[in-house]
Enquirer: 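Okay, here's the structure, questions in a sec.
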Amino acid sequence: MKKLLVFTFSLFFTALSLHAQTVYEFSFSFPLTNETIAYKACYVDAANDTGKLRLRFISPKSPDSILVDLDVIQEYPDDKSDCFVSDRIYYKLQNAKYIESNDPVISLPKYLCFKKDPATGLFEPLGVTNSSADCKADVVKFTNVAFIDQKDLTKEFVLNYFKPYDMFYRNLFVTNNTRALTTAQQNIKLYLLVVANVFDKEIGQADRKNMNDAIAFFRKIKEFLGIDQFIYDTIANLKDYNKKTVEDKINTFFKPAPDDIVVFYYSGHGFRKPKDGKPGPYIDMRTDYKADYMVYSLSMEDIMATIQKKGARLNLVLSDCCNAFVTDTNPMVEPPATKKSFGVNWSTENCRNLFLNQMPTSILATAASPYQLASMNNTFGGFFSYFFRTALETHFSFLKTKVTWEQVFD
């Protein structure tokens, strides 16, 4: 029996960091009551507002080098506070675990701080502090910041902060020598059908970006997996953008073998029908908004049911649209805060665990819960679409192991 997962989301944000997986090395000196300790730090950003920090230092109470592991999680500011600072992002450091030496019983820094560069608009590493709430709190600035890409992740560098038994090390240097794909796996096809309302005056620009990003992202997944073919098509023009064309295309375009992957992706307007108990939205297939929306629309759940009958091993049915009243529209909001991003390769095993898993799985996911809206920005695209891709990349990370679709959507 196929496993069906259904997810809906409410996406409302104030200040969010936007970035791909990144590794930094910092140097800084942090003052105690009577002394100052010099730290070296490796920060692995997991691309979902969390990460891992490894601090290496020597305590005044011990001549031995100390290595401590800290969980990192973004702390969102109170935008109603008199102390709201829009050009800073704070990451709380918590759950200290001492890997080398015992706890020296000293106060570690409590926050990482990033600050927006007005020239580039990007948030750059600034320093550490003990408070994210006090605007006037001193930030101890980093004396050195290095952005680490794939070529810099040598064994020598990684072993300075991680042990051979650590997941980060093992995924890079031990388990990354993955088995070759079988002939059957090499012959797997990834089908992608994108339906996008690119001509709408309000959201068309954002929908076009969503469409292009989806095509590029799933093509990248196909290439990384090493499977045979990426087959995609779009419905994104006035002539074809209608209910019948989409229904016909779903029936004729998807011709999967039992091991293949099918993705249906919609970006446009969506709504709920009165007295309809389905949690998912109806996608609006009208080009003339005076037409009857009760007639010219398609249920995402009906689309899922049709696609499931095709018999593919993995079905992803995704919609970046509202799930409220037909008269409502997507709120256009400011994009999240952006950072530099650097190319740290994905874990082959993690990518395969999701897309080549032998367990037949069907996933229906949409941007908004019933009676809620989906946020967009014309240059950034849809928030759901971006954070879906980010969640996937986070779980392709070397920080993760034995990943599941439930974890991705959590």
Side-chain angles (χ1 to χ4, degrees), residues 3-9 11 16-23 43-53 69 71-74 91 148-150 153 162 166-179 181 185 188 190 192 213-214 216-227 261-263 265 313-318 320 336 339 341-367 382-410:
K3 185 178 184 183
L4 174 62
L5 308 177
V6 180
F7 302 96
T8 61
F9 304 92
L11 297 181
L16 296 173
S17 60
L18 165 62
H19 49 285
Q21 180 180 335
T22 308
V23 179
Y43 173 43
V44 183
D45 192 307
N48 65 342
D49 304 327
T50 67
K52 280 285 185 183
L53 184 73
D69 176 271
D71 293 331
V72 180
I73 185 166
Q74 183 171 340
Y91 292 88
I148 308 299
D149 61 21
Q150 192 71 31
L153 289 174
F162 296 90
D166 279 323
M167 187 190 309
F168 188 75
Y169 179 92
R170 292 185 60 80
N171 282 339
L172 277 171
F173 302 113
V174 180
T175 60
N176 200 34
N177 296 320
T178 54
R179 67 192 184 284
L181 294 180
Q185 288 174 322
I188 288 174
L190 194 164
L192 170 66
D213 287 345
F217 185 66
F218 283 104
R219 177 185 281 119
K220 181 180 177 182
I221 288 174
K222 175 266 175 190
E223 293 171 353
F224 191 75
L225 289 171
I227 60 178
I261 302 164
V262 165
V263 182
Y265 173 74
R313 177 182 47 81
L314 175 60
N315 299 301
L316 299 177
V317 178
L318 312 170
D320 197 335
K339 294 181 185 176
S341 61
F342 290 79
V344 177
N345 288 346
W346 294 343
S347 161
T348 303
E349 281 301 307
N350 287 344
C351 192
R352 290 183 182 181
N353 279 346
L354 293 174
F355 282 88
L356 299 185
N357 195 305
Q358 288 302 302
M359 172 68 74
T361 300
S362 294
I363 296 172
L364 173 63
T366 192
F383 279 60
F384 165 76
S385 295
Y386 172 76
F387 285 103
F388 169 73
R389 296 192 302 269
T390 299
L392 269 177
E393 291 202 71
T394 295
H395 287 80
F396 292 162
S397 161
F398 289 116
L399 285 176
K400 304 288 185 179
T401 188
K402 297 179 180 178
V403 297
T404 67
W405 283 106
E406 289 91 341
Q407 293 169 351
V408 171
F409 283 99
D410 282 345

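All heavy atoms count here, side chains included; hydrogens, waters and symmetry mates do not.
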Enquirer: Less than 4.5 Å apart, side chain to side chain, heavy atoms only: is that true for Val408 and Val403?
Expert: no
Enquirer: Between Asp320 (side chain) and Ala367 (backbone), is there a donor-acceptor pair under 3.5 Å?
Expert: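 The answer is no, because no donor-acceptor pair under 3.5 Å joins these two groups.
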Enquirer: Kindly say whether Lys400 contributes a backbone atom to a donor-acceptor pair with the side chain of Asn350 at under 3.5 angstrom?
Expert: yes
Enquirer: Can you check whether Phe388 reaches Phe409 side chain to side chain, under 4.5 Å on heavy atoms?
Expert: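 They are in side-chain contact.
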Enquirer: Would you please name every residue forming a ring pair (Phe, Tyr, Trp, His ring centres under 6.0 Å) with Tyr265, sequence neighbours left out?
Expert: none
Enquirer: With sequence neighbours excluded, tell me which residues meet side-chain contact (heavy atoms from CB on, under 4.5 Å) with Thr401.
Expert: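 Thr401: side-chain contact (heavy atoms from CB on, under 4.5 Å) contacts with Met167.
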Enquirer: Quick check against the 3.5 Å criterion: does Arg313 have a side-chain atom that pairs as donor or acceptor with the backbone of Asn357?
Expert: yes
Enquirer: In the structure I gave you, are the side-chain heavy atoms of Leu314 and Met359 within less than 4.5 Å of one another anywhere?
Expert: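 SC-SC contact between Leu314 and Met359 ruled out.
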Enquirer: Counting N and O atoms only, with roles assigned by atom type, does the side chain of Asp166 sit under 3.5 Å from a partner on the main chain of Phe162, one being a donor and the other an acceptor?
Expert: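 The answer is no, because no donor-acceptor pair under 3.5 Å joins these two groups.
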Enquirer: Asp213: which residues meet the side-chain contact (heavy atoms from CB on, under 4.5 Å) condition with it, sequence neighbours left out?
Expert: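 Checked Asp213 against side-chain contact (heavy atoms from CB on, under 4.5 Å); matches are Lys209, Arg389.
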Enquirer: Do the non-hydrogen side-chain atoms of Leu225 and Leu356 ever get within less than 4.5 Å of each other?
Expert: yes
Enquirer: Applying the side chain to side chain contact (heavy atoms under 4.5 Å, CB included) criterion to Phe396, which one of Ile221, Asn353, Thr348 satisfies it?
Expert: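 Option passing the side chain to side chain contact (heavy atoms under 4.5 Å, CB included) with Phe396: Ile221.
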Enquirer: Does the side chain of Val72 reach to within under 4.5 Å of the side chain of Lys52, using non-hydrogen atoms?
Expert: no
Enquirer: Are Tyr43 and Ile148 close enough that some pair of their side-chain heavy atoms sits under 4.5 Å apart?
Expert: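 Side-chain contact under 4.5 Å: no.
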Enquirer: Does the Trp346 side chain pair with the main chain of Ser397, one donor and one acceptor, at a distance under 3.5 Å?
Expert: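 The answer is no, because no donor-acceptor pair under 3.5 Å joins these two groups.
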Enquirer: Side chains of Gln74 and Thr50: does their closest heavy-atom pair fall under 4.5 Å?
Expert: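 Contact flag for Gln74/Thr50 side chains = no.
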Enquirer: When you measure from the side chain of Glu393 to the backbone of Thr390, do you find a donor-acceptor pair of N or O atoms at a distance under 3.5 Å?
Expert: no
Enquirer: Hey, does Phe355 have a side-chain heavy atom less than 4.5 Å from the side chain of Leu316?
Expert: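 Leu316 vs Phe355: side chains touch.
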Enquirer: Do Asp45 and Thr22 have side-chain N/O donor and acceptor atoms under 3.5 Å apart?
Expert: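 No - no donor-acceptor pair under 3.5 Å links their side chains.
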